Amino acid sequence: RICVITLAEAHPLLQSGKTIKNINYQISANCSRLQNKVSGKSKRTCLFIFQMQGAQFLTELAPLCRISSSDGEEYTIYSCIRGRLIEVNENILSNPALLQEKPSTEGYIAVVLPKFEESKSITQGLLTQKEYEEVLMKRRSSAS
């Protein structure tokens, strides 16, 4: 039921061989994803249920971070999912190369917990790997 936010394999930072210069979780003057504090957890029937006190609520269009590359390009990474921000990956701050070297494991950006009632509709709205590859092929063919 949790969602791990990563860069898509088609993201320009993974395709173009760019060098990541900086990752910034400071979204605005008053909002830093690093200030997200999820307090406590309780155990019920072998499932861990997070008590969401202090967790930031995200909409689909909520920015998670901004990534700057050495060529001056800046990319805003959005949540793309409604839910509570459980964690941001602070390891990528000191080692930004993880985003490119291990984008789907150690180079994740954040972990989001959608509302239980919405998790099924969110899952049903996701693309399969095959559907995703078809979208990429269509993009490539329309770009050429």
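Everything quoted here is computed from the prediction, not taken from an experiment.
- A 4.5 Å side-chain heavy-atom check between Asn89 and Ile109 finds every atom pair outside the cut-off.
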Practice prompt. For side-chain contact (heavy atoms from CB on, under 4.5 Å), just list the numbers for Ile5 and Leu64, CA-CA rounded to whole Å, side-chain angles, deciding distance to a tenth of an Å, and then say yes or no.
Written response: CA-CA 9 Å; Ile5 311 298; Leu64 288 171; 3.7 Å; yes

Worksheet item: Going through the distances and angles, do Tyr25 and Ile92 end up as a side-chain contact (heavy atoms from CB on, under 4.5 Å)?
Response: CA-CA 11 Å; Tyr25 283 111; Ile92 61 175; 3.4 Å; yes

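- Taking CG of Leu58 as the start and OG of Ser79 as the end, the distance is 4.5 Å to the nearest 0.5 Å.
- Looking at every heavy atom in both residues, Ala10 comes nearest to Leu136 through CB-CD2, 3.2 Å.
- A donor-acceptor contact shorter than 3.5 Å links the side chain of Gln100 to the backbone of Leu13.
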Practice prompt. Could you check Ile2 against Ile86 for side-chain contact (heavy atoms from CB on, under 4.5 Å), going step by step and ending with a plain yes or no?
Written response: CA-CA 9 Å; Ile2 65 168; Ile86 300 298; 5.5 Å; no

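- At least one donor-acceptor pair under 3.5 Å links the side chain of Arg33 to the backbone N or O of Pro63.
- Taking CD of Gln56 as the start and CD of Gln35 as the end, the distance is 8.5 Å to the nearest 0.5 Å.
- There is no path of hydrophobic side-chain contacts, each under 4.5 Å, that joins Tyr75 to Ile27.
- What you find for Ala110 and Leu85 is that their closest heavy atoms are CB-CD1, 3.8 Å.
- Remark: the backbone N or O of Thr128 is paired with a side-chain donor or acceptor of Glu131 at under 3.5 angstrom.
- The NZ atom of Lys115 sits 11.5 Å away from atom OG of Ser121, with the distance rounded to the nearest 0.5 Å.
- Closest approach of Lys18 and Ser69 over heavy atoms only: CD-OG, 3.9 Å.
- Here Cys65 contributes atom SG and Ile77 contributes atom CD1; the two are 5.5 Å apart, rounded to the nearest 0.5 Å.
- Hydrophobic clustering, with ILVMFWY side chains joined whenever heavy atoms are under 4.5 angstrom apart, keeps Tyr78 apart from Leu113.
- Side-chain atoms of Cys80 and Glu60, non-hydrogen and from C-beta on, never get closer than 4.5 Å to each other.
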Discussion item. Run Glu118 and Arg82 through side-chain contact (heavy atoms from CB on, under 4.5 Å) and show every step you take.
Written reply: CA-CA 8 Å; Glu118 296 178 7; Arg82 286 173 38 92; 3.0 Å; yes

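- In this structure, Ile20 CD1 and Glu101 CD are separated by 9.5 Å, a value rounded to the nearest 0.5 Å.
- Checking side-chain atoms of Gln15 against main-chain N and O of Glu9 turns up a donor-acceptor pair under 3.5 Å.
- No side-chain donor-acceptor contact under 3.5 Å links Ser28 and Asn30.
- The OG1 atom of Thr76 sits 10.0 Å away from the CG atom of Asn24 when rounded to the nearest 0.5 Å.
- Side-chain contact between Leu34 and Glu90 is present, with heavy atoms from C-beta onward closer than 4.5 Å.
- Looking at Ser32 and Gln26, their side chains come closer than 4.5 Å, going by heavy atoms from C-beta outward.
- The hydrophobic cluster containing Val112 does not contain Phe57, counting ILVMFWY residues as joined when their side-chain heavy atoms lie under 4.5 angstrom apart, directly or transitively.
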